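This report concerns only the one structure given below.
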Amino acid sequence: MPIIDVTFKLANNINDDVIIFEPEEKEKEYTIEFSNKEINFYVVSYYLNDHPTFDGIWQELKEGDFEHSIYEELLILNEEGRWESYSGVNPYWWGTYRLSFLSNNLAKDWNYRSFSLIVHVI
C-alpha cells in the first residue's frame, strides 16, 4: 500500500471549536479570549486520505498509540517579535503562541507531517 497523506483534527479544552489541517496546510491562526484557564490544544482524530479501508472515516487518536505519535513544541512570540521557548505547559496568558505538531510515520501508512497553530490569546 502506498504511503498516503493524513488530515488532522485539533480541539481544545476551552470551547467546542475544531481546527482541521488538510495535508497541504502548514500553518493556521486561531484567536481565543483570555479565560484565566490553561488552554490545551490536542489532536482528536486523523483522516487517511484515499486509504483503501479508512477513506471517509475519522480515526480517533488513542492516548499512548505509539505507531501514530504526535509530538508538540510550544513557543511564544517575545517583545522583539521572535519566537522563543515557552516554559509553560500550554498557552495561558495574553500573547501569541506557536504550537508545532510533528507526526511520525512509524506505521508506514502516512506521510510525515508537520504543521503549526498560531494561537492569539486576547
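Heavy atoms only: backbone and side chains are in, while hydrogens, waters and symmetry mates are out. What you are looking at is a predicted structure, and each value in this text was computed from that prediction instead of being measured. All residue numbers refer to positions in the sequence shown, counting from 1.
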Intermediate values then yes/no, side-chain contact (heavy atoms from CB on, under 4.5 Å), I118 and K28:
CA-CA 6 Å; I118 307 298; K28 285 191 174 190; over 6 Å; no
Tell me whether E73 is salt-bridged to R98, with the criterion being a basic N under 4.0 Å from an acidic carboxylate O.
no
How long is the span from the OG atom in S116 to the NZ atom in K26, to the nearest 0.5 Å?
10.0 Å
Can you confirm whether or not the ring centre of Y30 sits under 6.0 Å from the ring centre of F41?
yes
Test side-chain contact (heavy atoms from CB on, under 4.5 Å) applied to F101 and L10, step by step
CA-CA 10 Å; F101 294 85; L10 275 62; 3.5 Å; yes
Is any side-chain heavy atom of T7 less than 4.5 Å from a side-chain heavy atom of P23?
yes
In the structure I gave you, are the side-chain heavy atoms of L102 and Y112 within less than 4.5 Å of one another anywhere?
yes
Exceeds 12 heavy-atom contacts within 6.0 angstrom, atom CD of E33
no
Membership question, hydrophobic clusters at under 4.5 Å side-chain separation (ILVMFWY): are V18 and Y47 in the same one?
yes
Taking all heavy atoms of I122 and all of T31, pick out the closest pair and write down the distance.
CD1-CG2, 3.7 Å
Side-chain heavy atoms of R113 within contact of F21, under 4.5 Å
yes
Would you please say whether a donor-acceptor pair under 3.5 Å links the side chains of Y42 and N13?
no
Before giving the answer on ring-ring contact (aromatic ring centres under 6.0 Å, His included), spell out for W58 and Y46 the whole-Å C-alpha distance, their side-chain angles and the decisive distance to 0.1 Å.
CA-CA 6 Å; W58 283 96; Y46 60 94; 8.5 Å; no
Hey, does L75 have a side-chain heavy atom less than 4.5 Å from the side chain of E84?
no
State which residue, out of I20, V43, I19, fulfils the side-chain contact (heavy atoms from CB on, under 4.5 Å) condition with K9.
I20
If you apply the rule ring-ring contact (aromatic ring centres under 6.0 Å, His included), what do you find for F8 with F115, and how did you get there?
CA-CA 10 Å; F8 287 103; F115 53 94; 5.3 Å; yes
Between N49 and I4, is a side-chain contact (heavy atoms from CB on, under 4.5 Å) present by the stated rule, with each step listed?
CA-CA 7 Å; N49 300 286; I4 56 180; 5.8 Å; no
Can you establish whether the number of heavy atoms outside E80 located under 6.0 Å from its atom CD is more than 12?
yes
Find out if a path of hydrophobic residues (ILVMFWY) with successive side-chain heavy-atom gaps under 4.5 Å connects W94 to L74.
yes
Indicate if W83 and I76 have the same hydrophobic cluster label, given that clusters are the connected sets of ILVMFWY residues with side-chain heavy-atom separations under 4.5 angstrom.
no
Can you tell if the side chain of L117 reaches within under 4.5 Å of the side chain of Y97, non-hydrogen atoms only?
no
I want to check something: taking the side chain as every heavy atom from C-beta on, are R82 and L77 in contact at a cut-off of under 4.5 Å?
no
Could you go through the side-chain contact (heavy atoms from CB on, under 4.5 Å) check for Q59 and S45 one step at a time?
CA-CA 5 Å; Q59 307 276 335; S45 58; 5.8 Å; no
I32 and V119, any side-chain heavy atoms less than 4.5 Å apart
yes
